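Have a look at the structure below, then the notes.
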Amino acid sequence: QELPETVLLKFFRPENTPVPARPTPEQLSNLIKTTLHYPESFNHSFHQKSLCLVPVTLLLSNCSQAVVDVTIDLRHKPTSSEALEIHGSFTWLGQTQYKLQLKGQEVYSLQLKACFIHTGVYNLGTPRVFAKLVDQVTLFETSQQNSMPALIIINNI
């Protein structure tokens, strides 16, 4: 008996065929990683100067390879009265909204100033960060997942 001839199958795809990769909402909400750098506690003499200014660095890291449009909004305030009772209220000084563009894997450092009028424990984790891929046709950006609370203790000396 004669064996049938074996034929090798070839699978091919043209090299320049674009593969549409739509990011999932989960991926879109993790484009930008934010980290706040600030002192754990800050000593200030409220008797000499009523306003306590603390320098805070907001570090933005683009976790994707794509170019990303980023909006930072500092006007957000905690709405629950419980958050205000525990942490009190403070104000970000200067510009309240920033728009920037980060290249793939780029890290950007934004210098902020927090203003306090009395002692207490405060949560600095209030900046809201929104991002969208530059080449994405979207009317609105995706809110980036917020990190853990960023607590600071303001002491009177």
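Heads up: numbering here begins at 1 and tracks the sequence. Remember, it's a predicted structure, so these values are computed and weren't measured experimentally.
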Tightest non-hydrogen contact, residues Ser143 and Phe130, listed as CA-CD2, 3.6 Å
With Tyr98 via ring-ring contact (aromatic ring centres under 6.0 Å, His included) - residues at least two apart | none
Residues passing the side-chain hydrogen bond (donor to acceptor under 3.5 Å, both in side chains) test with Gln95, sequence neighbours excluded, are none
List in chain and number order the residues that pass side-chain hydrogen bond (donor to acceptor under 3.5 Å, both in side chains) with Thr119, two or more places apart in sequence or in another chain; answer none if no residue qualifies.
-> none
Do Glu40 and Ile153 have side chains that get closer than 4.5 Å, going by heavy atoms?
-> no
With sequence neighbours excluded, tell me which residues meet side-chain hydrogen bond (donor to acceptor under 3.5 Å, both in side chains) with Ser41.
-> none
Sidechain-backbone polar pair: Asn123 side chain, Ala150 backbone, donor-acceptor under 3.5 Å = yes
Search all heavy atoms of Gln144 against all heavy atoms of Ala131 and return the closest pair with its distance.
-> NE2-CB, 3.6 Å
Listed once per pair and sorted, the salt bridge (charged side-chain N to carboxylate O under 4.0 Å, His left out) pairs that draw on residues 91-112, sequence neighbours left out = none
Distance-only check: which donor-acceptor pairs under 3.5 Å involve side-chain atoms of residues 42-50, not counting sequence neighbours?
residue : atom : partner : partner atom : Å
Asn43   : OD1  : Asn155  : ND2          : 3.1
His44   : NE2  : Lys49   : O            : 2.8
His44   : NE2  : Leu51   : O            : 3.3
Ser45   : OG   : Gln48   : N            : 3.4
His47   : NE2  : Asn156  : ND2          : 3.4

Which residues satisfy the side chain to side chain contact (heavy atoms under 4.5 Å, CB included) test with Gln111, sequence neighbours excluded?
-> Thr57, Ser109
Quick one: are Tyr108 and Asn62 in side-chain contact, heavy atoms under 4.5 Å?
-> no
Other than Leu93, what residues sit in its cluster of Ile, Leu, Val, Met, Phe, Trp and Tyr side chains whose heavy atoms are under 4.5 Å apart, directly or through others?
-> Leu53
What pairs with Gln101 under side-chain hydrogen bond (donor to acceptor under 3.5 Å, both in side chains), at least two apart in sequence or on another chain?
-> Asp69
Value rounded to 0.5 Å, distance of CG in Leu60 from CG in Leu100 = 6.5 Å
Report the C-alpha distance between Leu58 and Tyr38 in whole Å, list the side-chain angles of each, state the deciding distance to 0.1 Å, and finish with yes or no for side chain to side chain contact (heavy atoms under 4.5 Å, CB included).
-> CA-CA 9 Å; Leu58 175 61; Tyr38 57 93; over 6 Å; no
Report yes if the side chains of Leu36 and Val56 come closer than 4.5 Å at any heavy-atom pair, otherwise no.
-> yes
Does Ser64 use its side chain to pair, donor to acceptor, with the backbone of Ala66 at less than 3.5 Å?
-> yes
Between His118 and Ile154, the two heavy atoms sitting closest are O-CG2, 4.1 Å
State, with a plain yes or no, whether a side-chain heavy atom of Val129 is found less than 4.5 Å away from one of Thr71.
-> no
Between Pro39 and Val54, is any pair of side-chain heavy atoms under 4.5 Å apart?
-> yes
Check whether any side-chain heavy atom of Trp92 lies under 4.5 Å from a side-chain heavy atom of Leu124, and answer yes or no.
-> yes
Specify whether Phe116 and Tyr122 have parallel, tilted or perpendicular ring planes, treating 30° as the upper limit for parallel and 60° as the lower limit for perpendicular.
-> tilted
Between Leu110 and Ile72, is a side chain to side chain contact (heavy atoms under 4.5 Å, CB included) present by the stated rule, with each step listed?
-> CA-CA 10 Å; Leu110 190 61; Ile72 298 117; 4.1 Å; yes
Please tell me if the side chains of Val134 and Val68 come closer than 4.5 Å, counting only heavy atoms from C-beta onward.
-> no
Rounded to the nearest 0.5 Å, how far apart are CG of Leu112 and OG1 of Thr96?
-> 11.0 Å
